[in-house]
Amino acid sequence: MARAPRTRSPWRRRLSLAIKLLVLLAILGLGALVTAVYVTRAQLPDFDQLKSSPNGQMIRVHAADGTVIVSIGPSYGEWLSYDRIPRVMRDATVAVEDRRFYSHLGVDPIGVARSVKVRLDRGRWVQGGSTITQQLARNVFLNNQKKFGRKFREWILALAMERKFSKDQILELYLNKVYYGGGAYGIDAASRKFFGHGADHLSLPEAAIIAGLVKAPSNYSPTADANAAVGRASVVLQAMQDSGAISAGEARAADPKSVALAPEPKQNSVRYFTDWALPQLELLIDETEKPLDVWTTLDLDMQRDADAAIRQNAPNGAQGALVALDRDGAVRAMVGGKDYVSSIYNRATQAERQPGSAFKLFVYLAALEAGKTPESTEVDEPVTIDGWSPRNDSRRNSGQVTLRTAFAYSLNTVAAKLGQEVGFATVADMARRFGITTTINTHPSMVLGTSDVRLIDMTRAFASVANQGVAVTPYGILKVTANGETIYQHEVDRSRVLVAPQIAAEMIDLLQTTVNTGTGRAAQIGRPVAGKTGTTSSSKDGWFLGFSSGLTTGVWMGRDDARPIAGLHGGTAPARAFHDFMIRAVAKRPIEQFETQVTLPEAQLEPDAESYYGAPDNSLFVDPDGNPVPGGVPGPPDYANPPPPDRSRPQPQVDDDGNALPPPPPPQERLDQDWIDRVTGRDPRRDQRRPATPPQGNRQPPPATYSSDPRPYQ
């Protein structure tokens, strides 16, 4: 009897069908890929055409008035054929950029897999796994946008180039066309820029420095950060040793520190602005070939005044930075240091420093949004929060004070209590809402500005308050034109409301008081100004941020190594720099009154400085020139321990219930000649002694008068 055929189970049939479909799709995909590669190969220019076509564009940067402030264009040196390129340069590039260059087909599967793994581990793209051929394809034919579509086209181009050109030709194109920073395209231009000679006789350490620039030209440029360039060159030398290109002895003998750098041409502070603004072009436009004209927001007069204000007011040995934003976020002036020639490090946009009491802006904004008002009261008293005990600079407490007084005189205990009341996380959220992009801790001491911030972010926050609580985003590029055609136009976004207008108005109320009677008096410019000082412990950082007539300016001063600076407070040099800049910057602008008028605090208290529980930090007071003065200033009134009554003055009379009795009526006086002389101030005896005509030559000058105000500018 015949056996019935065995029927396969349904899941086996489905699996078999799925495998067949996958194989079919793979074959179709492979066929499509091969077709795309060979079609692209046929469309590629030949080798000589690629050699002759420049990869870069001339960029002219204009100030707000149309003046060309800098011209940035591609710099190409001599084209070096493969056999003229030093072997150390070729080996260094292959070792650090694409170790499997000679074995892959244009795309390195191992590099792609490593890139995906890092993406999964870190949650973001850190490295792209690009080969030298891919980088060449991107530099010549594409742009740097991080989109999958661009990456797929890059793969197709790289595979096609590997089919059309030899490895030596690809490496020759790459080394003569890749961007090495500072406007230099190709190794010869880079060698001439950084070392002052052509690239046909590069030494091993010089080749290591140049090869290390490709990853991040602006970060590793020898003229921007020599230490970073040396460190990156050491990585290249190690990669060359690992790949067998050089021996361990050769790696040890090559000393990047010994390389002599060519001197940089002199630049002025405008370059701080252009260095910040121009990299944004990559995100704004796709044009990579046509010459560009970039029209910026920079006001050259304000820039000169800002440069002078920082140079003249920054203490010896200290650096300074300034950012000025118009009401729509346009950057009108930017100074990143005292001298661009000696340091291109932009302290206005890159440096992260503690803001001190300037951070209290966010503490009080959170408190006002929670229902407080400038007239609300808090008790200035010793307080301990999670083991942390803030103290006021005077080492005394003032009892019950309004928020206006507490803010104007930067009472640390009140700020700590407000932070605890609204929640430290709420204060951090408020700071992030207003544009602080650095990490903000939520420890209790954060209310005194212990989180690092950037000057441009803090200036942005104050500008948003001045803008009635509507977000202000700094920008430097107004429009971009290519051959006269506008390809980008900036549009101001006024849609993001950060806090209600009333909250912003109340905050401006507090900020006005600080400038008029509090720690920021040196910032007065003869028209309404609102602002805040900031000083960190041991006077390591001094800040002043404020606004007037639609212009918001932030000033920071300190040392790059964060060492203390004697006499530096937010109310001294930074406030004076703000004054010197703003008094000229707003001179031609109409005077604008704030919505709230200045209301004086109920007492004159203390200067601005932050002190923490432990050894006293900011115990010195200084005069307006920054010189220490003995005795300091009077501290706040001690309501808990009032001074004894002054018995030399008449004491008020009270009844048995303690109610004040009216003063007794003055005695009746006779309306005689003595009364008339006393009322008019006439002394008949002096008149009798005084001659009718005073003798000539004996006139004495009137006695000099001096200000009795003992308070320093802080």
Side-chain angles (χ1 to χ4, degrees), residues 54-77 179-186 189-190 192-194 213 216-219 221-225 261-285 287-308 310-311 321-326 330-350 456 474-484 486-490:
N55 179 30
Q57 56 194 159
M58 178 66 71
I59 301 175
R60 293 195 306 171
V61 184
H62 302 257
D65 62 358
T67 303
V68 176
I69 55 178
V70 66
S71 292
I72 300 176
S75 171
Y76 291 94
Y179 181 61
Y180 288 101
Y185 285 84
R192 295 179 189 277
K193 176 177 179 59
F194 299 126
L213 296 177
S218 60
N219 292 341
S221 170
T223 55
D225 190 335
L261 299 178
E264 275 285 286
K266 291 186 176 182
Q267 304 285 355
N268 58 34
S269 67
V270 169
R271 290 302 303 273
Y272 285 120
F273 172 80
T274 57
D275 288 354
W276 168 76
L278 291 182
Q280 301 168 27
L281 285 174
E282 192 171 291
L283 302 175
L284 302 177
I285 61 174
E287 179 59 61
T288 59
E289 296 180 0
K290 297 178 182 177
L292 300 179
D293 283 279
V294 180
W295 306 83
T296 71
T297 60
L298 192 73
D299 185 301
L300 290 179
D301 290 334
M302 289 191 191
Q303 182 69 20
R304 283 190 289 267
D305 293 337
D307 200 24
I310 292 299
R311 287 173 178 266
L322 183 151
V323 176
L325 303 179
D326 221 324
V331 176
R332 297 304 182 191
M334 176 181 288
V335 176
K338 293 167 69 173
D339 183 12
Y340 184 87
V341 176
S342 61
S343 173
I344 68 172
Y345 180 58
N346 194 335
R347 295 156 188 85
T349 62
Q350 295 174 282
I456 193 168
Y475 70 97
I477 298 177
L478 280 170
K479 68 176 181 178
V480 181
T481 60
N483 293 333
T486 299
I487 60 176
Y488 169 78
Q489 182 77 48
H490 179 78

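All figures in this text were calculated on a predicted structure; none of them were measured in a lab.
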request  = Identify the heavy atoms of Ala321 and Ala348 that sit nearest to each other, and give their distance.
outcome  = CB-N, 3.8 Å
request  = Go through the steps to decide whether Thr67 and Leu300 satisfy the test side chain to side chain contact (heavy atoms under 4.5 Å, CB included), and finish with yes or no.
outcome  = CA-CA 9 Å; Thr67 303; Leu300 290 179; 3.9 Å; yes
query = Which pair of non-hydrogen atoms, one from Gly66 and one from Trp295, has the smallest distance, and what is that distance?
reply = CA-CZ3, 3.9 Å
remark   = Distance col, row Tyr272:OH vs Leu298:CG, nearest 0.5 angstrom, shows 14.0 Å
Flag side-chain contact, heavy atom, 4.5 Å: Asp339 against Arg311 = yes
task = List the atom of Tyr180, the atom of Ala190, and the distance in Å for their closest heavy-atom pair.
result = CB-CB, 3.7 Å
query = Rounded to the nearest 0.5 Å, how far apart are CG of Asp293 and OG1 of Thr481?
reply = 4.0 Å
request  = Considering non-hydrogen atoms only, spot the tightest contact between Gln489 and Thr486 and give its length.
outcome  = OE1-CG2, 4.1 Å
key: Pairwise distance NZ(Lys193) to OH(Tyr185) - rounded to 0.5 angstrom   = 13.0 Å
Spacing of CD1 belonging to Ile344 relative to OG belonging to Ser221, to within rounding of 0.5 Å = 6.0 Å
query = Which heavy atom in Ala333 sits nearest to a heavy atom in Ala306, and how many Å separate them?
reply = CB-CB, 4.0 Å
query = Is any side-chain heavy atom of Asn346 less than 4.5 Å from a side-chain heavy atom of Asp275?
reply = no
inquiry  = I need the Leu325 CG to Ile456 CD1 distance, nearest 0.5 Å.
reply    = 6.5 Å
ask   = To the nearest 0.5 Å, how far apart are OG1 in Thr274 and CE in Met334?
value = 10.0 Å
message = Are the side chains of Val323 and Thr349 in contact, using a 4.5 Å heavy-atom criterion?
response = no
ask   = Within a strict 4.5 Å, meaning less than it, do heavy atoms of the Ile285 and Leu292 side chains meet?
value = yes
key: Donor-acceptor contact present, side-chain Thr296 to main-chain His62, <3.5 Å   = yes
task = Indicate yes or no: at least one non-hydrogen side-chain atom of Val70 is less than 4.5 angstrom from one of Val270.
result = no
key: Ile487, Val480, Leu281 screened by side chain to side chain contact (heavy atoms under 4.5 Å, CB included) with Glu287, the one that passes   = Ile487
request  = Specify the closest pair of heavy atoms between Tyr488 and Ile477, including all atoms of both residues, with the distance to one decimal.
outcome  = CE2-O, 4.0 Å
key: Any Val335 side-chain heavy atom under 4.5 Å of Gln303 side chain   = yes
inquiry  = I'd like to know if Arg304 pairs up with Asp307 as an ion pair, taking the criterion as any Lys NZ or Arg NE/NH1/NH2 lying under 4.0 Å from an Asp or Glu carboxylate oxygen.
reply    = no
